[in-house]
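Reviewing the structure listed below.
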Amino acid sequence: MKTACRFGVVLGLAVLILGARVTVAQEAVETFRQSCISCHTIGGGRLVGPDLKNVEERQDREWLASFILDPLGVINSGDPYAVKLREEAGGALMTTIPGMSRSQAEALLDLIAAESLLETSEFAGLDLGDEPFTALDIERGEEIFMGRRKLANGGPACLSCHTVGGLPELSGGTLGPDLSRVFERLQGRKNLASWLLAPATETMRPVFAGRAMTQDEIVPLVAFFEDAAQQRSEDGGTSRLLFLLLGLGGAAFGFLLADGIWRGRFRGVRQELVGNRR
Amino acid sequence: MDVRSQVSMVFHLDKCIGCHTCSIACKNVWTDRQGTEYMWWNNVETKPGTGFPTAWEDQEKYQGGWELKKGELKLKSTGPAKVMANIFHNPHQPSMDDYYEPWTYDYETLFDAPEGDDQPVARPVSRVTGEYMEVEAGPNWDDDLGGSEIYAANDPNLDALTEEQRQQLSAVERLVMFYFPRICNHCLNPSCVASCPSGALYKRGEDGIVLIDQKRCRAWRSCIAACPYKKTYYNWQTGKSEKCILCYPRLETGQAPACFHSCVGRIRYLGVLLYDAERIEEVAKLPDDEIVEGQRSMILDPRDPEVVAAAKANGIPDDVIESACKSPVYRFVKEWKIALPPHLEFRTLPMLFYVPPMSPVMAGKDGDSVYHLTDNNLFHDIDQSRVPISYLAKLLGAGNEGLVRYALRKQKAVRLYRRALTVGDVDDASAARALREADCTVEEAEAIYRLTTLCTFDDRFVIPPMHREEAIQMIEEPHGHRQSVGFGFTAGPKRGL
């Protein structure tokens, strides 16, 4: 009886601990998918950031964890390796992940270590090859960009926040950067495609969290951006002056309209009485 | 029959001397706070004149009161559609200019000014902005037909007159004015209460006083547009609206309201009336020529056993019913029928009644001797009054000249009757004839005379017991707040929720 009881407790604890470990591991996969794969692969070669396969052979765990938690702090401390990393990334700074704790960073490193052992990791990144895209791809990409074709997982159209060269006036958002040259900025297909897998800026991450783009959408978009980088000029969408003038004009029209609609509104009594006689 | 009690008022305009003592008494007690400087819960207007705020009687402009639309009573100022359209701004309110910009004077310069060629003067300083200002209008700017002729000429009640009558009114030898003191009418069908989106206004069940809950008011200012008498005011300091509270804290302690108490001419009477609340809607829908009689018929005889039984069934205490039997208002309004409600055509059923004023006797001068212009050498014929009957009827009778003529004839008859008794230059027979023609008995004439001229404090103010012991839960800690708070129940009014 006593033994059975002890066995039960041990089993229960084991289930709890294992269960907790499983959830921590799942969380790490989720985090990696959402926040890391836009710049890193595991065994897929360099993107903006380095390939993370066997990263622990290059730096120790302690250093890696603190770099994940506070990249800018490590760079500013003058660490030569960190400075070198930044130079290699063309000056791009690794973003921090909100709410990241030391234990979560450790879990991420565990995940990277485990994935490094595999022949091909699921985080090896997209390889779109070098073949030229078809005109159909480019056209579909434009449709997705313009929002004429909906994203399968419900993400918003690019146009809501971004613009690209050659759009008509007053179309294209100004919240995000102009994407005419994004293909060049991100240095090619592979980087751009990986970025689109899980956009990792602070603005885009929450917007696309849980609404990731599918590969069927990413390929045409990359095709569109590649084409745009070659064909389109950079002055996209709306000129700021025109926007301002239209806004002012619209406001003035609104006031005049309200004034017209409520022409007979109450404007005081005494002033009218006395004013009429002056 | 749904019998309820209402503390009601009579103002005897024939006795009002336009001294504004009532206004000052009220101002000192209630509206001397910041944000209330411009409010006059009690004000006295000169008629003909536009009053305060300017031309308040013109509901084409201010959209106050009720109107009959397809047999239904509708608020003029708001409605389901209008309330949405005007949700951020209620357009039909008097502007500060229509009230007036309150001011004080910079008295210090009288003492501090450096020596110079001119006398120092105290410049007016705005009590809203604190800057020097040019005074352009005040709450009684047209007092005694002063200010300018513009105000008197634009009195909305003059619409009832013919062009000839209008011309005569401004002719010097016929020039006439009278005074019209106003407080909240504590109406039976108050449009301010009906319009409030927050439900902050209510009519007290026990005495019918209309109040604004300072905690629930959300500054929609619907009441300001809806009240046709413009007797709710917005306090810019607290962000709430305020109005005459009929000095209920004084009434509850058996004292007359401050304006009543201080009245120099003793024109004010106060007493409780019993009325049939079931008939409010029916009466408010009556056409203009029946509505005054209709309102009068709502007021019930407190001596009628049937009324007393219904009143008791409704929880009206015995001593309130007893007080209603002594009410001077009941006598003026119901028994003698010489007090009339102001502008009943707004359909709010005001419970403040006015005894219409007699016009000055007209006399002329021939050389050194003064002579009367009228036939019987003592009083002019009522229809020849300097203030045209049609004017008074527009103001007090919802356009019914007959009712005003009746009230004035009776007053004239009482004067002739007393003249016969005390001076003797009117013979008894013609006095008796005048009484008969005015539908007045000798006893009634005597009673009117006594209550008009010899009235004591207790005759004028028959204040019903307020039975605050039954409402004590509303004032949880009266002693805790004694002498610390004026306006407001247990806490002073302030901005916020």
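All chains are named by letter (A, B, ...) in the order of the sequence lines, taking the proteins before the strands, and each is independently numbered beginning at 1.
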- Query: Can A:R270 and B:Y151 be counted as having a side-chain donor-acceptor contact under 3.5 angstrom?
  - Reply: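 Distance-only check passes for A:R270 and B:Y151.
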Can you name the closest pair of heavy atoms from [X] and [Y] and give their distance?
X      : Y      : answer
A:F266 : B:H92  : CB-ND1, 3.8 Å
B:S95  : A:G268 : OG-CA, 4.2 Å
A:V269 : B:A55  : CG1-CB, 3.7 Å

Can you tell me how far [atom2] of [Y] sits from [atom1] of [X], rounded to the nearest 0.5 angstrom?
X      : Y      : atom1 : atom2 : value
B:D98  : A:E272 : CG    : CD    : 9.5 Å
B:N154 : A:L273 : CG    : CG    : 4.5 Å
A:Q271 : B:E136 : CD    : CD    : 6.0 Å

Greater than 12 external heavy atoms within 6.0 Å of [X]'s [atom1]:
X      : atom1 : answer
A:R263 : CZ    : no
A:Q215 : CD    : no
B:W220 : CH2   : no
A:Q230 : CD    : yes

- Message: As an exercise: rank B:Q63, B:M96, B:Q93 by heavy-atom pairs under 4.5 Å with chain A and give me the winner.
- Response: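 It is B:Q93.
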